[in-house]
Engineer: 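I'd like to ask some things about the structure below.
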Amino acid sequence: MRALMNLITSVNGGIGKTCAWLSLGIVLVQFTVVVMRYVFGIGSIWMQESITYMHGFLFMLAAAYTLSVDGHVRVDIFYRDARPRIKAVIDLIGSVFFLLPMCAVIAYWSWGYVASSWAIWEGSQEASGIQGRYLLKSAIIAFAVLVSLQGVAIIIRSVLALGGDKKALDSFRQIQE
């Protein structure tokens, strides 16, 4: 079980760290668009749309990595000060009853939306725009799959911690907020 947990976390870590470079791309392309527009009077729909694509891919594909490092915002009353076993129970219950079902709902309801986009190879409404909107919409399904897999990793970590695994218990001790 630990090998599966580590594999999922490693894959999501690699995807998340790779996608983090998109933030630099967003800044550079946005800067270039502004300079082109206001200094040279030139516009580029393709470049403007690429910012939206990078933003979408960054947040949709890096969400599972953020979950793996406990980077998402938590609204809790007692989690921060709870003992590691209590944190493991909370993460287990939250993943089984909230995270995985929500990912299933997202995947189910977005499947037709994404499939219809692929069926027509949906692209930009602008002739000079990016003709790959179907790829951007596919990030919704990828989000649901990657976050679900990370949810499985969290469940495994919680079960190991509740079983007395020292390494898993230590990982819950390190969670500050």
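In this text the structure is predicted, and so the values were computed from the model without any measurement.
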Engineer: Evaluate the side-chain proximity of Leu61 to Phe143: yes if any heavy-atom separation is below 4.5 Å, no if none is.
Structural biologist: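 Side-chain contact under 4.5 Å: no.
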Engineer: Quick one: CG on Leu28 to CG on Leu22, what's the gap to the nearest 0.5 Å?
Structural biologist: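 So the gap between those two atoms works out to 11.5 Å.
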Engineer: So if you build clusters from Ile, Leu, Val, Met, Phe, Trp, Tyr with side-chain heavy-atom gaps below 4.5 Å, do Tyr38 and Phe31 land together?
Structural biologist: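 Hydrophobic grouping puts Tyr38 apart from Phe31.
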Engineer: Does Val147 belong to the same Ile/Leu/Val/Met/Phe/Trp/Tyr cluster as Tyr113, with side-chain heavy atoms less than 4.5 Å apart forming each link?
Structural biologist: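 Yes, because Val147 and Tyr113 connect within a single hydrophobic cluster, where side-chain heavy atoms sit under 4.5 Å apart.
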Engineer: Rounded to the nearest 0.5 Å, what separates atom CD1 in Ile155 from atom CZ in Arg157?
Structural biologist: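 Reported value, rounded in 0.5 Å steps: 11.5 Å.
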Engineer: Is there side-chain contact between Leu169 and Leu162, with heavy atoms separated by less than 4.5 Å?
Structural biologist: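 No; the side chains remain at least 4.5 Å from each other.
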Engineer: Write down the atom of Arg85, the atom of Ala161, and the distance for their closest heavy-atom approach.
Structural biologist: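 For Arg85 versus Ala161, the nearest heavy atoms are NH1-O, 3.5 Å.
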Engineer: So, taking the atom named CG in Asn12 and the one named CD1 in Ile8, what distance separates them when rounded to the nearest 0.5 Å?
Structural biologist: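 That separation rounds to 7.5 Å.
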Engineer: Is the positively charged end of Lys87 above the ring of Tyr79, judged by distance under 6.0 angstrom from the centroid and angle within 45° of the axis?
Structural biologist: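 Pair Lys87/Tyr79 counts as cation-pi.
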Engineer: Run the numbers on Ser116 and Ile120 for side chain to side chain contact (heavy atoms under 4.5 Å, CB included), then give the verdict.
Structural biologist: CA-CA 7 Å; Ser116 65; Ile120 61 170; over 6 Å; no
Engineer: Is Met60 reachable from Tyr134 through a run of I, L, V, M, F, W or Y residues, each pair having side-chain heavy atoms under 4.5 Å apart?
Structural biologist: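 Same cluster.
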Engineer: Can you tell if the side chain of Leu99 reaches within under 4.5 Å of the side chain of Leu67, non-hydrogen atoms only?
Structural biologist: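 Yes, side chains in contact.
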Engineer: In this structure, are over 12 heavy atoms from other groups packed under 6.0 Å from Met1 atom CE?
Structural biologist: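 More than 12 heavy atoms, drawn from other residues, nucleotides or ligands, come within 6.0 Å of this atom.
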Engineer: How many angstroms lie between SG in Cys103 and CG in Leu146, if you round to the nearest 0.5 Å?
Structural biologist: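 Reported to 0.5 Å precision, the distance equals 9.5 Å.
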Engineer: Starting from Ile140, can I reach Trp118 by hopping between I/L/V/M/F/W/Y residues whose side chains sit under 4.5 Å apart?
Structural biologist: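 Linked within one cluster.
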Engineer: Just so I know, are the side chains of Ile42 and Arg37 near enough to count as touching, which here means a heavy-atom distance under 4.5 Å?
Structural biologist: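 A side-chain contact under 4.5 Å is absent here.
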Engineer: Applying side chain to side chain contact (heavy atoms under 4.5 Å, CB included) to Leu92 and Val159, what does each step give before you reach the verdict?
Structural biologist: CA-CA 7 Å; Leu92 179 64; Val159 168; 4.2 Å; yes
Engineer: For the residue pair Ile141 and Ser110, establish whether any side-chain heavy-atom pair is separated by less than 4.5 Å.
Structural biologist: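 Heavy-atom side-chain distance check passes, below 4.5 Å.
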Engineer: Is the backbone N or O of Ser50 less than 3.5 Å from a side-chain atom of His55, with the two atoms forming a donor-acceptor pair by type?
Structural biologist: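 Checked: no pair found.
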Engineer: With a 4.5 Å heavy-atom cut-off, do Met47 and Ile51 have their side chains touching?
Structural biologist: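 No - every pair of side-chain heavy atoms lies 4.5 Å or more apart.
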Engineer: Indicate yes or no for a side-chain donor-acceptor contact from Gln48 to the backbone of Gly43 under 3.5 Å, with no hydrogens or angles considered.
Structural biologist: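 Not at all, since once roles are kept as given, no pair shorter than 3.5 Å links the two residues.
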Engineer: Roughly how far, to the nearest 0.5 Å, is the CD atom of Gln125 from the CD atom of Gln131?
Structural biologist: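 So the gap between those two atoms works out to 10.0 Å.
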Engineer: Taking all non-hydrogen atoms of both residues, which atom of Ser23 and which atom of Leu58 are closest, and how far apart?
Structural biologist: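 Nearest heavy atoms, Ser23 then Leu58: CB-CD2, 4.1 Å.
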Engineer: Kindly determine whether Arg133 and Tyr53 satisfy side chain to side chain contact (heavy atoms under 4.5 Å, CB included), including the steps that lead there.
Structural biologist: CA-CA 8 Å; Arg133 190 173 288 171; Tyr53 277 64; 3.7 Å; yes
Engineer: So do Ser158 and Val89 actually touch side chain to side chain, heavy atoms under 4.5 Å?
Structural biologist: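 No. Closest side-chain heavy atoms not under 4.5 Å.
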Engineer: What's the verdict on salt bridge (Lys or Arg N to Asp or Glu O under 4.0 Å) for Arg2 and Asp165, showing C-alpha distance, side-chain angles and the deciding distance?
Structural biologist: CA-CA 10 Å; Arg2 181 178 300 284; Asp165 184 273; 2.5 Å; yes
Engineer: Tell me whether Ile26 shares a hydrophobic cluster with Trp21, the cluster being built from Ile, Leu, Val, Met, Phe, Trp, Tyr side chains joined at under 4.5 Å.
Structural biologist: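 No, Ile26 does not connect to Trp21 through the hydrophobic network.
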Engineer: Taking atom types as modelled and ignoring hydrogens, do the side chains of Ser124 and Glu49 form a donor-acceptor contact shorter than 3.5 angstrom?
Structural biologist: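 Their side chains do contain a donor-acceptor pair, which is all the 3.5 Å distance test asks for.
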Engineer: Looking only at heavy atoms, which two atoms of Gly129 and Ile45 are closest? And how far apart?
Structural biologist: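 Heavy atoms of Gly129 and Ile45 come nearest at CA-CG2, 4.0 Å.
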Engineer: Is the shortest distance from a Lys or Arg side-chain nitrogen in Asp170 or Arg173 to a carboxylate oxygen in the other one below 4.0 Å?
Structural biologist: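 Yes, this pair counts.
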Engineer: For the pair Phe57 and Leu136, evaluate side chain to side chain contact (heavy atoms under 4.5 Å, CB included) and give the outcome as yes or no after the intermediate values.
Structural biologist: CA-CA 7 Å; Phe57 286 132; Leu136 183 59; 4.3 Å; yes
Engineer: Is there a side-chain contact between Phe172 and Asp91 (heavy atoms, below 4.5 Å)?
Structural biologist: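 Yes, at least one pair of side-chain atoms sits under 4.5 Å.
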Engineer: Restricting to non-hydrogen atoms, name the atom on Ala64 and the atom on Gln150 that form the minimum distance, rounded to 0.1 Å.
Structural biologist: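 Here Ala64 and Gln150 meet closest at O-CG, 3.6 Å.
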